[in-house]
K.L.:
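I have a structure here, written as structure tokens, and I will follow up with some questions on it.
Here is the naming used below: chain letters follow the sequence lines, and residue numbers restart at 1 for every chain. Note: hydrogens, waters and symmetry copies are ignored here, and every other heavy atom, side chains too, is used.
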Protein chains: 2
Amino acid sequence: MDRAVPIGTVSRQTGIKVPTIRYYEEVGLLPSPARTDSNRRSYDAAAIQRLRFIRHARELGFEVEAIRQLLTLSDQPDRSCADVDVIARSHLAEIDEKIAKLTALRSEVQRMVDEGEHGRVAECRVIEVLGDHGACLHERH
Amino acid sequence: MDRAVPIGTVSRQTGIKVPTIRYYEEVGLLPSPARTDSNRRSYDAAAIQRLRFIRHARELGFEVEAIRQLLTLSDQPDRSCADVDVIARSHLAEIDEKIAKLTALRSEVQRMVDEGEHGRVAECRVIEVLGDHGACLHERH
DNA sequence: CTTGATCCTCTAGTCGCTAGAGCATGTAGG
DNA sequence: CCTACATGCTCTAGCGACTAGAGGATCAAG
């Protein structure tokens, strides 16, 4: 029925831009689809499913290489889930690190905003806060 | 006394790689330093301070363009701190958004890891979750 | 004086797309 | 049937923020 979908439709259905879909094919995340007589890509439901998987994984911050690994694993359903787990776990560690950094950043910027309400830049803590240990860029003042 | 430092020393003192320092010069974050007779870059304390500022800001997730704005403001200390404040505030919003996304992501991935401990890939939650049928960051809970 | 570290400039590569040129098809209206 | 115009194709180049390497000059130590 809705087999043999052209790339634009796939793009609309998955929310992935057309050139990006072709890019995923190029880098091997998505198998090369069948072509019509006039050489146009023709996708089936499985391809759309795979693209949704890719999109979701990308949204969750997985790098293309990690997605490639996950897809390879899911293409071989006999392998242990432990492999998948390793990938997810290392990703988790990355996420924790990012959150920690951002939380530190947040409090610093918050402090900037709180303290920087008045006066001129010369006295403004924003610059100082981002310098090293309160050292100021304008040393001479 | 320790004026006129070569680029390698600056690199060690700031933790920024040599080519990156040159890159910052190229894109206008760092003014072109003085040169020695043999055409080598020769940095003073202010340059090092500025690089520390840049590094810190980058680590905190500021984009180069935002750093350029902050540096421009700090180079003209007569301007109102309100300008700096606007930049900082807009970053605060960005940061909050990033933290929110990552926190949601974290629990999602954590759940994957927790539930995906056993069995084969065919039954693995990680794969399911990343497909479109499993819980999605935007749909359920 | 020689060795090896450091410096210079320049070009090209990375990742994950994104945009455009220039051309070939597909589809809908008149 | 013809004309628009949307959509598809391939190919190349660009983005940000670096990073790596070639090929050469210069420095500091032994």
Side-chain angles (χ1 to χ4, degrees), chain A residues 2-30 32-44 47-48 50-71 91 94 98 101, chain B residues 2 4-30 32-44 47-48 50-71 91 94 98 101 130:
Chain A
D2 47 30
R3 306 263 148 175
V5 186
I7 199 167
T9 307
V10 172
S11 173
R12 259 165 262 129
Q13 285 182 14
T14 59
I16 303 173
K17 289 179 185 169
V18 168
T20 306
I21 295 171
R22 292 198 275 244
Y23 169 75
Y24 287 154
E25 181 185 336
E26 193 190 314
V27 298
L29 281 194
L30 193 65
S32 299
R35 298 284 184 131
T36 67
D37 294 352
S38 56
N39 200 36
R40 297 183 172 204
R41 287 170 180 85
S42 184
Y43 297 93
D44 58 11
I48 291 168
R50 199 177 176 99
L51 277 170
R52 290 221 175 95
F53 178 98
I54 293 169
R55 185 190 161 204
H56 196 160
R58 286 290 302 136
E59 274 174 2
L60 291 180
F62 284 86
E63 288 175 9
V64 162
E65 182 51 37
I67 297 172
R68 198 195 319 274
Q69 289 170 24
L70 288 170
L71 283 170
H91 193 55
E94 267 176 43
K98 280 188 189 174
K101 270 192 186 171
Chain B
D2 49 29
V5 185
I7 199 166
T9 308
V10 172
S11 173
R12 258 165 263 127
Q13 286 181 13
T14 59
I16 301 173
K17 288 179 184 169
V18 168
T20 306
I21 295 170
R22 292 197 275 244
Y23 169 76
Y24 287 153
E25 180 184 337
E26 195 189 314
V27 297
L29 281 194
L30 193 66
S32 300
R35 299 282 186 134
T36 66
D37 293 353
S38 57
N39 200 36
R40 297 181 173 207
R41 287 170 181 82
S42 184
Y43 296 93
D44 59 11
I48 291 168
R50 197 174 175 105
L51 277 169
R52 289 219 177 97
F53 176 96
I54 293 169
R55 184 191 163 203
H56 199 140
R58 286 291 302 136
E59 276 175 1
L60 291 180
F62 284 87
E63 288 174 9
V64 162
E65 182 51 39
I67 298 172
R68 199 195 317 275
Q69 289 171 23
L70 288 169
L71 283 170
H91 272 284
E94 258 177 50
K98 279 187 189 175
K101 272 191 186 170
L130 287 179

K.L.:
Any carboxylate oxygen within less than 4.0 angstrom of a Lys/Arg side-chain nitrogen, looking at A:Arg68 and A:Glu65?
P.N.:
yes

K.L.:
Applying the side chain to side chain contact (heavy atoms under 4.5 Å, CB included) criterion to A:Arg58, which one of A:Thr20, A:Leu29, A:Val64 satisfies it?
P.N.:
A:Val64

K.L.:
To the nearest angstrom, how far is B:Tyr43 atom OH from C:dC8 atom C1'?
P.N.:
12 Å

K.L.:
Does the side chain of B:Thr20 get closer than 4.0 angstrom to OP1 or OP2 of D:dT19 through an N or O atom?
P.N.:
yes

K.L.:
Using 0.5 Å steps for rounding, measure from the CG atom of B:Leu30 to the CZ atom of B:Arg41.
P.N.:
9.5 Å

K.L.:
Taking CD in B:Glu63 as the centre, count heavy atoms belonging to other residues, nucleotides or ligands within less than 6.0 Å. Is the count above 12?
P.N.:
no

K.L.:
Without decimals, in angstroms, what is the distance between A:Arg68 CZ and C:dC15 C1'?
P.N.:
11 Å

K.L.:
Round to a whole Å and report the spacing from CZ of B:Arg55 to C1' of D:dC18.
P.N.:
15 Å

K.L.:
So which nucleotide from C:dT18, C:dG16, C:dC7 ends up closest to the side chain of A:Pro19?
P.N.:
C:dT18

K.L.:
Between D:dT26 atom C1' and B:Arg41 atom CZ, what is the distance in whole Å?
P.N.:
15 Å

K.L.:
Tell me whether the OP1 or OP2 atom of D:dC9 has a side-chain N or O from A:Ser38 closer than 4.0 Å.
P.N.:
no

K.L.:
If each of B:Arg40 and A:Tyr23 is mapped to the nucleotide of DNA chain C with the nearest heavy atom, which maps nearer the 5' terminus, i.e. the 5' end?
P.N.:
B:Arg40

K.L.:
On the nucleotide C:dT9, are OP1 or OP2 found under 4.0 Å from the side-chain N or O atoms that B:Arg35 carries?
P.N.:
yes

K.L.:
At 4.0 Å (heavy atoms only), tell me whether B:Glu63 reaches a base, stays on the sugar-phosphate, or touches nothing.
P.N.:
sugar-phosphate

K.L.:
Would you check if the side chain of B:Arg52 reaches a backbone N or O of B:Gln13 as a donor-acceptor pair within less than 3.5 Å?
P.N.:
yes

K.L.:
D:dC18 phosphate, OP1 or OP2: any side-chain N/O from B:Tyr24 under 4.0 angstrom?
P.N.:
yes

K.L.:
Grab the CD1-C1' distance between B:Ile67 and D:dA17 for me, whole Å please.
P.N.:
11 Å

K.L.:
Rounded to whole angstrom units, what separation is found between the CD atom of A:Glu65 and the P atom of C:dC17?
P.N.:
14 Å

K.L.:
Roughly, in whole Å, what's the span from CZ in B:Arg12 to P in C:dA5?
P.N.:
12 Å

K.L.:
Verify the contact: side-chain N or O of B:Arg58 to OP1 or OP2 of D:dC18, cut-off strictly under 4.0 Å; return yes or no.
P.N.:
yes

K.L.:
At what angle, to 10 degrees, do the two end axes of the helix from C:dC1-D:dG30 to C:dG30-D:dC1 meet, given five pairs define each axis?
P.N.:
10°

K.L.:
So, are A:Arg55 and A:Glu59 salt-bridged, with charged N and O less than 4.0 Å apart?
P.N.:
yes

K.L.:
Send over the distance from B:Ile7 CD1 to D:dT19 P, rounded to a whole Å.
P.N.:
14 Å

K.L.:
Has A:Ser42 got a side-chain atom pairing as donor or acceptor with A:Arg35's backbone, closer than 3.5 angstrom?
P.N.:
no

K.L.:
Describe the nucleic acid contact of A:Arg22 in one word from base, sugar-phosphate, nothing, applying a heavy-atom distance below 4.0 Å.
P.N.:
base

